[in-house]
Amino acid sequence: MSKLVEGICPIISNEEVGPRLFLMRLDAPHCAQSIEPGQFIHVSVPGIEGHVLRRPFSVYDTDGKSIISILYQVVGFGTDRMTELVPGDRMSVIGAIGHGWIVPNDAHRVLLVGGGVGSAPLFLLARKLKEQHIDTDVVIGAQTLDALVTYEDFRNVIEHAPIACTDDGSFGVSGFCTIPVQRLLGTTSYDMVFCCGPEPLMHAVSDQCRDAQIPCQISMEKRMACGIGACLSCVVDTIHGKRRACVDGPVFKSEEVVW
Amino acid sequence: MSKLVEGICPIISNEEVGPRLFLMRLDAPHCAQSIEPGQFIHVSVPGIEGHVLRRPFSVYDTDGKSIISILYQVVGFGTDRMTELVPGDRMSVIGAIGHGWIVPNDAHRVLLVGGGVGSAPLFLLARKLKEQHIDTDVVIGAQTLDALVTYEDFRNVIEHAPIACTDDGSFGVSGFCTIPVQRLLGTTSYDMVFCCGPEPLMHAVSDQCRDAQIPCQISMEKRMACGIGACLSCVVDTIHGKRRACVDGPVFKSEEVVW
Amino acid sequence: MGIDLSVNLGGLVMKNPVTVASGTFAAGQEYGDFIDLNELGALTTKGVSLNGWGGNDAPRIAETPSGILNSIGLQNPGVASLKQHELKALEAYTVPVIVNVSGHSFDEYIKVIESLESCNRVDAYEVNISCPNVDEGGMTFGTHAPSVEKIVGMCRRATKRPLIVKLTPNVTDITEIARAAEAGGADAISLINTVLGMAINAQTRKPELARVVGGLSGPAIKPIALRMVWQVHQAVSVPILGMGGISSGTDAIEFMLAGATAVAVGIANFIDPRSTMHVIEGIRSYCQLNGVDDVTTLIGGLQC
Amino acid sequence: MGIDLSVNLGGLVMKNPVTVASGTFAAGQEYGDFIDLNELGALTTKGVSLNGWGGNDAPRIAETPSGILNSIGLQNPGVASLKQHELKALEAYTVPVIVNVSGHSFDEYIKVIESLESCNRVDAYEVNISCPNVDEGGMTFGTHAPSVEKIVGMCRRATKRPLIVKLTPNVTDITEIARAAEAGGADAISLINTVLGMAINAQTRKPELARVVGGLSGPAIKPIALRMVWQVHQAVSVPILGMGGISSGTDAIEFMLAGATAVAVGIANFIDPRSTMHVIEGIRSYCQLNGVDDVTTLIGGLQC
Ligand SMILES: Cc1cc2nc3c(=O)[nH]c(=O)nc-3n(C[C@H](O)[C@H](O)[C@H](O)COP(=O)(O)OP(=O)(O)OC[C@H]3O[C@@H](n4cnc5c(N)ncnc54)[C@H](O)[C@@H]3O)c2cc1C
Ligand SMILES: Cc1cc2nc3c(=O)[nH]c(=O)nc-3n(C[C@H](O)[C@H](O)[C@H](O)COP(=O)(O)OP(=O)(O)OC[C@H]3O[C@@H](n4cnc5c(N)ncnc54)[C@H](O)[C@@H]3O)c2cc1C
Ligand SMILES: Cc1cc2nc3c(=O)[nH]c(=O)nc-3n(C[C@H](O)[C@H](O)[C@H](O)COP(=O)(O)O)c2cc1C
Ligand SMILES: Cc1cc2nc3c(=O)[nH]c(=O)nc-3n(C[C@H](O)[C@H](O)[C@H](O)COP(=O)(O)O)c2cc1C
Ligand code: FES
Ligand code: FES
C-alpha cells in the first residue's frame with residue numbers, strides 16, 4: 001500500500017443512476033494516480049457534523065490521472081446527505097486505502113461476482129483484467145433491472161456479456177447470483193473467483209468455490225472508524241486471528257476467513 | 001399574544017448587507033399577518049443536526065401579508081450555516097412570539113435606540129409610530145459605517161434623519177449611542193424610550209432614562225430553548241421575580257429589570 | 001389491523017407509551033397551540049416542591065454537541081400554586097397526569113404528595129430523587145441506595161397512586177439504586193435524569209452556565225440512557241419509563257426493546273413542539289410495518 | 001513573542017500539552033503518513049496487557065449522535081510484542097512515549113510494568129483501571145476507591161517513572177476515586193475514559209455492538225469530561241491529563257481552564273488524522289491572540 005494522503009477534493013459530478021444509486025466523480029489526483037482495483041477511499045461528508053465518522057467507498061473507476069468515481073447507494077444519513085452535494089462542493093478524501101484484488105500471474109480465466117453495489121470494486125478490476133488479456137466472466141445481481149446500473153459498463157469492458165440476475169426476475173436470471181455462479185463453476189475452469197456483495201452472498205460464493213476447489217477472494221465491508229489501521233474497529237476473523245479490514249483487507253482470501 | 005404556529009417557510013432571498021450581516025426574507029404568512037413590532041420568530045436552521053436548539057430572531061420587517069424579513073449577524077455555527085441557505089430552501093419557523101413594544105396611547109414623541117443588530121426589532125416599531133403620527137427620533141450605532149445597514153431604512157420611514165454612531169468614527173457620532181442619547185434626553189421631552197442592543201448598552205440607556213425620569217422599554221436577548229414559555233431557560237430577573245424573556249418579554253419595562 | 005398501543009406503567013394506564021419528560025413541557029398549556037394534549041399517553045408536569053424555588057441565575061442553558069446543558073434549578077411556584085393554576089387548567093383535558101415531585105428533605109417530598117392527594121387531576125407521581133438532600137448533608141438522595149429505599153418507602157406510605165421513582169444516571173451502579181427503589185415500593189422506575197456536565201467559554205474564560213455545572217440531555221446521552229434502561233430491566237421486575245434523547249418513533253422503539261414500558265420525550269419538544277405526536281405516529285407505523293399488533297410485545301425484546 | 005507551550009505532567013516534560021488518547025492512535029506508525037510524530041507533546045500507545053487479548057467480536061463500533069461507541073475490548077498482542085515491534089519502531093523518533101497499561105488482576109499490571117522497565121522507549125505509564133478486575137469478582141478496578149489506592153500503590157512501587165492513572169467516568173463521585181489514586185502515589189490523573197453506553201438497531205432488534213454495551217466517546221461526552229476535570233482539579237494536587245471529545249484548540253483550552261495540564265486527542269484522529277496538529281496550532285494561536293506567553297498560566301484559570 002502506498003503512502004496515505006488526505007486531500008480536499010472538489011466534486012465534478014454527482015448523478016442519480018438508479019434507485020437510490022448515485023455516481024459521484026471527484027477530482028482526486030492523489031488517489032487517481034495510485035489506485036489499485038479493490039482499494040477504497042475514506043471520506044468525510046460535509047454537513048453531517050452530528051455524525052462524526054468518515055464513510056468508506058470503493059473506487060469505482062478512474063482516469064488514472066485526476067478523476068475517480070464512486071458508486072454509492074443511499075442507506076443512511078451520510079449517503080443521503082451526499083446526494084445533496086453539487087459540483088464544486090468539496091469532500092476530504094483519504095486514500096487510496098487497503099489491499100485490493102490480487103490477480104495471480106498465471107491466471108487465464110476468472111469470474112467476477114458482484115451483488116448490489118458490491119459490483120463497484122470489481123469494475124476497475126475488470127478493466128485491469130482486460131488490459132492483461134485475462135478471460136473474464138461477470139455475474140452481477142440487483143433487486144430490479146433499474147438497479148443493475150453497472151451492466152453497461154461491464155459489457156463495454158469485458159469480452160463476454162455479463163450475466164445479470166434480478167431478485168424480481170425483471171431482467172436476466174431470476175434470483176440470486178449464486179444460481180449462475182453454481183452453473184459456471186460446474187462448466188468452466190476458473191483460476192480465481194473475485195466476489196463482493198452482501199455478506200451472505202460472499203459466504204455462499206465462498207462455499208461454492210471451496211466445493212469446486214477454486215480459489216476465491218472477497219471484499220469485506222466492516223464498519224470503520226479510522227480507516228487507516230489504528231483503531232481495530234474493523235476486524236475480520238481469519239484463520240490467522242483478527243485482521244483489520246481497512247489495511248489488511250478489504251480483500252481477503254475466502255479460505256482464510258472464519259465466518 | 002396570538003396562537004403560536006409552526007410553519008415550514010421557503011426562503012425568498014438571503015443577502016449579505018454588511019460585514020457579517022445578512023437580510024433574509026421568508027414566506028411566512030402565519031407571522032406576517034399577525035406580527036407586532038418587537039416580536040420574534042424561533043427558527044430551526046436546516047443542516048445543523050449536531051446543534052439541537054432553535055435560534056431566535058426579531059422580525060425586522062413585513063409586508064403584512066406573507067413576507068417577513070430578519071436581519072441577522074453571523075456570530076456562531078447556526079448563523080454561519082444560515083448564510084449558505086438559498087432561495088427555495090426551507091426553515092421551520094415558530095412565531096410570532098412574545099410581547100413586543102408597547103406604545104403608550106398618549107405618546108407624542110419617542111426615542112428609539114438600537115445598538116448593532118439591536119436596531120432590528122425597532123424598525124417595525126418605527127413604521128408603526130409613523131402610522132400613528134408619533135414624532136420619533138432614532139439613534140443607531142454600529143462598529144463601522146458599513147455595519148450601519150439599517151440607516152437608510154429608518155431614514156425612509158421616520159421624519160427626522162436618524163442619528164448614527166460608529167465606534168470608529170467612520171460616520172456620525174464617534175463612540176457609543178449613549179452620547180447622543182444623553183444629549184437628546186437633556187433637550188427633548190420624550191414619552192418613551194425604546195432600546196435594544198448589547199446588554200451593557202441597554203443597562204446604560206436604562207440608567208440614563210431613570211435619571212431623566214423618562215420611561216424606557218428594552219428588549220432582552222436571553223438564550224432560549226423552547227421559545228414558547230415552557231422550559232424556564234430564558235429568565236430575566238425583575239422586581240416581580242423571574243420572568244421568561246420569550247413569552248413574558250422579550251420587551252420589558254426597564255424599571256422592572258433587576259440588572 | 002387495529003394496533004394496541006396501550007401500556008400499563010405500574011398501574012397507570014396509558015393509551016400509548018408516550019409521555020413528556022418533566023421540565024420540558026411545563027404543565028402542557030404552552031404546547032396546546034401545537035398539539036392536542038389528550039393525544040398523549042400521559043402528561044408529566046414540571047417538578048414541584050412544597051413552597052416553590054426560585055431556581056438558578058441565567059444563563060441557564062448552553063448548547064453542546066447533540067445536546068444541551070441546563071441549570072434551571074427546579075424553579076417552581078410550589079405545590080399550592082400548581083394545584084390552583086396548572087392542575088385546574090388540566091381539568092379541561094382527559095389526559096392522565098403524572099406530577100413530578102421534588103424536595104430538599106425527606107419531609108418535603110411527603111408534604112408535597114400529601115398536599116396533592118386531595119387533587120383528582122393527579123393520576124400518578126414521579127418522584128425525582130436527583131435533588132441535593134439536606135438531610136444527608138447535600139448529597140443527592142438518588143446516589144445512595146439506603147436513602148433511596150427510605151425516601152421511596154416514605155412516599156409509598158403517603159399514597160396509593162402509582163408511584164414512579166426517577167433515577168439519576170450519575171451513579172456507579174444504576175441497578176443497585178433501581179433495586180433499592182423497587183424494595184422501597186416503587187411501582188415503576190423512570191430513567192434517566194440528566195447527566196452532570198459543564199461547558200466553558202474559552203474566550204471569556206467563564207462557565208457557560210451561571211451555576212457552573214448543569215444537566216446534560218438530548219441525543220448525546222441516548223446511548224447512556226439505553227444502556228441504563230437495559231441494565232435496570234434485567235435487575236428489577238417493575239416497569240420502566242425510559243427517556244434521554246428520544247425524538248422519533250425509532251428512538252422510542254429502541255427504548256422499549258431495551259426494556260422500557262413507556263417513554264418520555266424531553267428536549268425534542270424544544271426542537272419541534274409536535275415531537276410527541278411524531279413519536280406516537282412513528283411507534284404506530286413501526287408496529288404496522290413489522291406486524292406488531294400489541295406494542296407491549298416489544299418491551300425488553302432486544303435479541304442478544 | 002515566543003510562546004512557551006511546554007508543560008510538566010507529573011514529571012513527564014512535554015514540549016506542548018497535546019498527546020493522543022490511548023487506543024485511537026495505535027503506536028503512531030499509522031499516522032506517520034499524515035503528521036510528524038515528533039511534533040506531539042507525547043505519544044500514548046494502545047493499552048497493553050501481559051500476554052495479549054483477542055478483544056471482542058465485530059461489530060465493534062457504532063456511530064451515535066456526536067459520538068461513537070466502541071467495544072474493541074483492549075485487543076493487543078501483549079507486552080513482549082509491543083516492546084519488540086512498536087516500541088522498537090519508535091526508536092526512530094524523539095517524541096516522549098506514554099505506555100497505556102491494562103490488566104485483569106493486580107498482578108498482571110505489575111508484570112506489564114516490570115517487563116517495560118528495561119525498555120528505554122518508555123517515558124511514562126498510563127495505568128488504565130477501567131478493566132474488569134478478576135481479583136475483585138469482575139467489578140471494574142476503577143469504581144472502588146480502596147482497589148484504586150491498592151493497585152496504584154503496587155504500580156508505584158514497581159516504577160520510578162511518571163505514573164499516570166486513568167480513571168473511568170462511570171462512578172458516582174470521581175473526586176473520591178481521584179483522591180484514592182493520588183493517595184496511592186499517582187503522579188498525574190488522566191480522565192476520562194469512555195462512558196458506558198449502548199445502541200440498538202430497531203429493525204433487526206439487535207444491539208449495534210456484538211458485545212451489547214460499549215464505551216461512548218467523542219464530542220457528545222465533552223461536557224461530562226470537562227465537569228470531571230474541573231471537579232478533580234479542585235480535589236487533588238497532582239496534574240491532570242484531560243480528554244473526551246477534544247478536536248480543536250478551543251476544546252483543549254477549555255480543558256486547561258477547567259484544570260488540565262495536558263490534553264489527549266481521541267476519536268478526532270479518526271475524523272481528521274491531522275487533528276493533533278490542528279489542536280496544537282489552535283492552542284498556539286489562542287495564546288497569541290490572548291497575550292498568553294506561558295500556556296501553564298491557563299491551567300485551572302476558569303473564572304467562576
Ligand atoms: C471497504 C468498504 C467499501 C465500501 N464501498 C461501498 C461502495 O462502493 N458503495 C456503497 O454504496 N457502499 C460502500 N460501502 C458501504 C458504505 O460505507 C456505507 O453504505 C456507508 O458508510 C453508509 O453511510 P450512511 O451514513 O449512509 O449510513 P449510516 O447507517 O448512517 O452509517 C452509520 C455508520 O455505519 C457505517 N456503515 C453503514 N453501513 C455500512 C456498511 N454497509 N459497511 C460499512 N460501514 C457501514 C457508516 O460508515 C457509519 O459509520 C463500503 C464499505 C466498506 C467498508
Ligand atoms: C428575542 C431575541 C431576538 C433576537 N433577534 C436577533 C436579530 O434580530 N438579529 C440577530 O442577529 N440576532 C438576534 N438575536 C440573537 C440570535 O438569536 C443569536 O445571535 C443566534 O441565536 C446565534 O446563533 P449561532 O448558532 O450563530 O451562535 P452559537 O453561539 O453557536 O449559538 C449557541 C447557542 O447560544 C444561543 N445564542 C448565541 N448568541 C445569542 C444571543 N445573542 N442571544 C440569545 N441567544 C444566543 C443560540 O441561540 C444557541 O442556542 C436575538 C435573540 C433573542 C433572544
Ligand atoms: C430544561 C429542563 C428542565 C428539567 N426539569 C426537570 C424537572 O423538573 N424534574 C425532573 O425530574 N427532570 C427534569 N429534567 C430532566 C428531564 O425530565 C429528562 O430526564 C432529561 O431531560 C432527559 O431527557 P431528554 O434527553 O429527552 O431531554 C429537565 C430537563 C430539562 C432539559
Ligand atoms: C477505539 C477506541 C479504543 C480505545 N482504547 C483504549 C485503551 O486501549 N486504553 C485506554 O485507556 N483507553 C482507550 N480508549 C479510550 C480513549 O483513550 C479516551 O479515553 C476516550 O476515547 C475519550 O476521548 P475521545 O472522546 O477524544 O475519544 C479507547 C477509545 C476508543 C474510541
Ligand atoms: S478502521 Fe480503524 S483499524 Fe480499520
Ligand atoms: S425559552 Fe423556554 S421558557 Fe423561554
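In the text below, chain A, chain B and the rest are named by the order of the sequence lines, each starting its count at 1.
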Query - Pairwise distance CD1(D/Ile61) to SG(A/Cys231) - rounded to 0.5 angstrom - result: 6.0 Å
Query raised in the report: Is a salt bridge present between A/Arg55 and D/Glu63, judged by a nitrogen-to-oxygen distance below 4.0 Å?
Result: yes
Query raised in the report: Less than 4.5 Å apart, any side-chain heavy atom of D/Ile72 and any of A/Ser233?
Result: yes
Requested in this report: Compare all side-chain heavy atoms of A/Val52 with those of D/Ile68 and state whether any distance is below 4.5 angstrom.
Outcome: yes
Query raised in the report: Between D/Ala268 and chain A, which part of the residue has a heavy atom less than 4.5 Å away: side chain, backbone, both or neither?
Result: neither
Report task. Determine the minimum heavy-atom distance between D/Gln75 and A/Val235, stating which atoms define it. Result -> OE1-CG1, 3.7 Å
Report task. Check whether D/Phe34 gets within reach of chain A through its side chain, its backbone, both or neither, counting any heavy atom under 4.5 Å. Result -> side chain
Query raised in the report: When you look at CZ of A/Phe176, are more than 12 heavy atoms from neighbouring residues, nucleotides or ligands closer to it than 6.0 Å?
Result: no
Report summary line: Heavy-atom nearest pair, A/Lys242 first then D/Asn56, reads CE-O, 3.4 Å
Report summary line: All heavy atoms of A/Ala230 vs all of D/Phe25, minimum pair found to be CB-C, 4.2 Å
Query raised in the report: Which atoms form the tightest heavy-atom contact between A/Leu232 and D/Lys46, and what is the distance?
Result: CD1-CE, 4.4 Å
**Report entry** Closest contact, heavy atoms only, A/Arg54 versus D/Pro273
**Finding:** NH2-CD, 4.2 Å
Query raised in the report: Should we count CZ of A/Arg210 as having more than 12 external heavy atoms under 6.0 Å?
Result: yes
Query raised in the report: Considering only heavy atoms, which portion of A/Val236 lies under 4.5 Å from any heavy atom of chain D: side chain, backbone, both, or neither?
Result: neither
Query raised in the report: Using a cut-off of under 4.5 Å for heavy-atom pairs, which of A/Val5, A/Ile48, A/Leu53 has the most such pairs with chain D?
Result: A/Leu53
Report task. Evaluate whether atom NZ of D/Lys83 has more than 12 neighbouring non-hydrogen atoms of other residues, nucleotides or ligands under 6.0 angstrom away. Result -> yes
Query - A/Glu49 atom CD, neighbour heavy-atom count above 12 within 6.0 Å - result: yes
**Report entry** Test item: A/Glu6 and D/Asp272 side chains (from C-beta on) under 4.5 Å apart, heavy atoms
**Finding:** yes
**Report entry** D/Thr64, part contacting chain A, at a heavy-atom distance under 4.5 Å
**Finding:** backbone
Query raised in the report: Hey, does the side chain of A/Arg223 reach the backbone of D/Arg60 with a donor-acceptor pair shorter than 3.5 angstrom?
Result: no
Query - CZ (D/Arg211) with more than 12 external heavy atoms under 6.0 Å - result: no
Query raised in the report: In terms of heavy-atom proximity below 4.5 Å to chain D, should A/Ile94 be classed as side chain, backbone, both, or neither?
Result: side chain
**Report entry** chain A contacts, top residue of D/Pro59, D/Pro65, D/Ala58, D/Gly218 (heavy-atom pairs, under 4.5 Å)
**Finding:** D/Pro59
